[in-house]
Amino acid sequence: MLRKISIDEKICVKCGACVSESEFGGIKFKNGKIFVDESKKESWEEIISICPTGAIKFSSED
Ligand code: SF4
């Protein structure tokens, strides 16, 4: 099962920490927006824990 990642645009401060933590292109910053590709093999827990505002979360959707 693919876990969905959600980013709360309202609390994301575009610091880029998640982008730097992403090793395989799972998170990209483009046109002022953060894009997530959950199919990439990232350490999602790490990425989620590094976000200073808690904007990234696993969503409960399955
Ligand atoms: S680490 Fe969090 S606040 Fe920073 S760009 Fe990523 S989602 Fe936004």
Side-chain angles (χ1 to χ4, degrees):
M1 190 192 78
L2 205 60
R3 282 177 300 179
K4 291 291 270 179
I5 310 288
S6 67
I7 296 192
D8 188 337
E9 296 281 341
K10 291 190 293 296
I11 58 175
C12 169
V13 294
K14 315 287 191 293
C15 69
C18 56
V19 183
S20 318
E21 191 68 16
S22 148
E23 287 182 81
F24 306 104
I27 303 206
K28 284 184 180 148
F29 189 61
K30 232 169 105 181
N31 303 325
K33 260 197 81 158
I34 304 286
F35 291 91
V36 180
D37 182 352
E38 295 97 337
S39 67
K40 298 287 195 295
K41 198 180 170 345
E42 298 287 359
S43 308
W44 293 110
E45 282 86 358
E46 298 279 313
I47 292 175
I48 286 168
S49 72
I50 212 160
C51 176
T53 65
I56 314 183
K57 289 182 289 216
F58 283 119
S59 65
S60 50
E61 203 182 315
D62 56 30

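Just so you know, ligand 1 is whichever comes first in the structure, and atom 1 is the first atom listed for that ligand. These figures come from a predicted structure and were not determined experimentally.
Stacking of K33 on the aromatic ring of F29 is not recorded, the 6.0 Å distance cut-off and the 45° axial limit not both being met.
From C18, atom SG reaches atom CD1 of I34 across 4.5 Å, with rounding to the nearest 0.5 Å. S43 contributes atom OG, which lies 6.0 Å from atom CD of E23 (distance to the nearest 0.5 angstrom). Taken to the nearest 0.5 Å, the CD atom of E21 stands 6.0 Å off from the CD atom of E46. Here the CD1 atom belonging to I27 is positioned 11.5 Å from the NZ atom belonging to K40, to the nearest 0.5 angstrom.
Using a 4.0 Å cut-off to heavy atoms of K14, the atoms of ligand 1 that qualify are 5 (S), 8 (Fe). Short contacts between ligand 1 and P52, defined as distances under 4.0 Å to a heavy atom of the residue, involve ligand atoms 1 (S). The T53 neighbourhood of ligand 1 comprises atoms 3 (S), with distances under 4.0 Å to a heavy atom of that residue. Set against the non-hydrogen atoms of I56, the atoms of ligand 1 under 4.0 Å away are 7 (S).
Residues I48 and I56 approach most closely at CG2-O, 3.6 Å, considering heavy atoms.
Of the candidates G16, S20, C15, C51, the one placing a heavy atom closest to atom 2 (Fe) of ligand 1 is C51.
Put simply, C12 stays out of reach of atom 2 (Fe) of ligand 1, with no N, O or S atom under 2.8 Å from it. Taking 2.8 Å as the threshold, C18 does not count as a candidate ligand of atom 4 (Fe) of ligand 1, since none of its N, O or S atoms lies below it.
A donor-acceptor pair under 3.5 Å is absent between the side-chain atoms of S6 and the main chain of S59, judged by distance alone.
Both the backbone and the side chain of V13 come within 4.0 Å of ligand 1, judged by heavy-atom distances. In I34, the part holding a heavy atom less than 4.0 Å from any atom of ligand 1 is the side chain.
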